[in-house]
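Because the structure is a prediction, the values reported are computed rather than measured. Letters go in sequence order (proteins before strands), and every chain restarts at 1.
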Number of protein chains: 2
Amino acid sequence: MIPKKDGHPHGHETLRARGFRLTEPRRLILDVVRATDVHPTAAFVYRRVRKKLPRVSLATVYRNLRMLAAEGFLAERADAAGMRFDGNTLPHDHFTCLACGRLYDVPARADRAVRARVATRTGFEILNHRAEFYGRCGACRRQTGRSPVKGQRRS
Amino acid sequence: MIPKKDGHPHGHETLRARGFRLTEPRRLILDVVRATDVHPTAAFVYRRVRKKLPRVSLATVYRNLRMLAAEGFLAERADAAGMRFDGNTLPHDHFTCLACGRLYDVPARADRAVRARVATRTGFEILNHRAEFYGRCGACRRQTGRSPVKGQRRS
DNA sequence: TCCTTTTTAGGAATCATTCTCAACAAGGCC
DNA sequence: GGCCTTGTTGAGAATGATTCCTAAAAAGGA
């Protein structure tokens, strides 16, 4: 019931300040996304929120995830199977393990240089960029012989 | 009717060699994706292929796009609105213009260094990586006052 | 309190993608 | 040529994620 103090870049109070009401469903949705590192789908958030608020509607979850992402409280990410959300709004990249399918955060990068190079080469104004890495994570490297798989479970 | 000699990394003959039959629908699907730079959706490809082969089924288009991508003849890309395909299988990055929504190819990059850095920092084995840039393209920069939009048309 | 605005639950609608399956085409073999 | 085996297709149904619609509830302000 009390806003978490968890070191995330935005507090719940900020939400209020931007003209949102911090309703019960919204608070729970935000907390669920921030409390996990699995880059949850809407369905995952829905399941979690329902434990605390059984009558919540799936439409409410979608509506608010979209809204919170549009306002910058969450990050939104498309992958082959649909949309995922990310409570970590600090700039960071992603690593996808081709063996187990897990998605990891890669803390940061120091390459403003990359943007500058692309900007001069193309004439585009670069406002943002993101990198996606693919390979095998530490756990899967240890289990040798495990080969990359195609279909991955959703969560 | 005759395979295009267009500088793309794979010719139709290669398809045959890998155990595919180069059927009429397949040839047309591949040609459509390779003949455009708009990173087409399945629906776009379907519309184009139908001009030459009116009885083609949408399922056939999806089936073969997926198959051709799995075999490396096309690249597959997820964005917020669904899957897009790309005839350019050479390593390249993408630039999305936030003003007009267009997606451009960014020819290449020279940073193996980035991969090495991430690999040592995380302990992951990096097999591949891709960068996505966001900003304003040359055309939109000239039209000042044009602000980024959210909803973009599909094609 | 009354009025206005925002938000919600619930279910229907939409839309991309995949599945099912019977018919069809190609190639090998007799 | 006929006969099998295997891969491919078209058509439409099925699935699944996401969005839309609407009436009711909640919040806030005067």
Side-chain angles (χ1 to χ4, degrees), chain A residues 12 15-30 32-33 39-71 73-74 76-85 150-155, chain B residues 12 15-30 32-33 39-71 73-74 76-85 150-155:
Chain A
H12 286 150
L15 255 182
R16 196 67 206 75
R18 289 212 200 179
F20 283 110
R21 286 190 201 142
L22 185 57
T23 61
E24 186 81 357
R26 271 177 201 160
R27 188 169 53 71
L28 292 169
I29 289 166
L30 194 50
V32 165
V33 178
H39 305 82
T41 60
F44 176 99
V45 176
Y46 176 59
R47 266 181 268 123
R48 286 284 173 95
V49 170
R50 267 220 290 193
K51 289 180 184 166
K52 296 271 180 77
L53 193 66
R55 299 185 52 77
V56 76
S57 149
L58 183 55
T60 298
V61 171
Y62 271 101
R63 192 182 334 114
N64 288 304
L65 283 172
R66 200 165 12 100
M67 184 167 203
L68 291 165
E71 294 294 325
F73 294 105
L74 300 175
E76 218 169 348
R77 234 183 80 76
D79 77 1
M83 224 55 108
R84 288 179 174 275
F85 297 87
K150 272 286 156 61
Q152 232 72 49
R153 65 221 159 290
R154 301 282 291 161
S155 51
Chain B
H12 287 151
L15 254 183
R16 196 69 207 73
R18 290 214 198 177
F20 284 109
R21 283 188 204 144
L22 184 56
T23 60
E24 186 81 358
R26 272 179 200 156
R27 188 170 53 72
L28 292 170
I29 289 165
L30 194 50
V32 165
V33 178
H39 304 82
T41 61
F44 177 100
V45 176
Y46 177 58
R47 265 180 270 123
R48 287 284 173 95
V49 170
R50 266 221 291 193
K51 289 180 185 167
K52 296 272 181 74
L53 194 66
R55 298 185 51 75
V56 76
S57 150
L58 183 55
T60 298
V61 172
Y62 271 103
R63 197 183 323 120
N64 287 305
L65 284 172
R66 199 162 15 97
M67 186 165 200
L68 291 165
E71 295 293 325
F73 295 103
L74 300 176
E76 218 170 347
R77 237 183 76 78
D79 78 1
M83 224 57 106
R84 287 180 174 276
F85 298 86
K150 272 286 158 58
Q152 233 71 48
R153 64 220 159 292
R154 302 281 292 161
S155 52

Intermediate values then yes/no, side chain to side chain contact (heavy atoms under 4.5 Å, CB included), B:Phe85 and B:Glu76: CA-CA 5 Å; B:Phe85 298 86; B:Glu76 218 170 347; 3.5 Å; yes
Nucleotide C:dC19, atom P - distance to CE of B:Met67 in whole Å: 14 Å
Per B:Pro25 side chain, nearest of listed nucleotides C:dT7, D:dT9, C:dT8: D:dT9
Atom-pair distance (CZ on A:Phe44; P on D:dT18), nearest Å: 15 Å
Under 4.0 angstrom between B:Thr23 side-chain N/O and D:dT9 OP1 or OP2: yes
Donor-acceptor contact below 3.5 Å, side chain A:Arg84 vs main chain A:Asp79: no
DNA chain D contacts among residues 49-65 of chain A, heavy-atom distance under 4.0 Å: A:Leu58, A:Ala59, A:Tyr62
Whole-Å distance separating the CZ atom of A:Arg26 from the P atom of D:dA25: 19 Å
Residue pair B:Val45 / B:Ile29: nearest heavy atoms and the distance that separates them: CG1-CG2, 4.1 Å
Pairwise distance CZ(A:Arg55) to CD(A:Glu24) - rounded to 0.5 angstrom: 14.0 Å
Pair pattern of DNA chain D in dot-bracket, where unpaired bases get dots and | marks partners in another strand, Watson-Crick or G-U under 3.5 angstrom: ||||||||||||||||||||||||||||||
Exercise: identify the closest heavy-atom pair between A:Ala80 and B:Ala78: N-CB, 3.6 Å
Spacing of B:Tyr46 atom OH relative to D:dG12 atom C1', expressed in whole Å: 11 Å
Rounded interatomic separation in angstrom, taking CG from A:Asp79 and P from C:dA16: 18 Å
Between D:dG16 (P) and A:Arg47 (CZ): distance, integer Å: 13 Å
Short side-chain N/O contact to C:dT17 OP1/OP2 from B:Arg66, under 4.0 Å: no
Partner of A:Leu28 by side-chain contact (heavy atoms from CB on, under 4.5 Å), out of A:Val49, A:Val61, A:Thr23: A:Val49
Among B:Thr60, B:Leu58, B:Asn64, side-chain contact (heavy atoms from CB on, under 4.5 Å) partner for B:Tyr62: B:Leu58
A:Arg21 vs D:dA26: side-chain N/O to OP1/OP2 distance below 4.0 Å: no
Protein-nucleotide distance (B:Arg77, atom CZ; C:dT17, atom P), rounded to Å: 13 Å
Whole angstrom value for the distance that separates P of C:dA9 from CG of A:Leu28: 11 Å
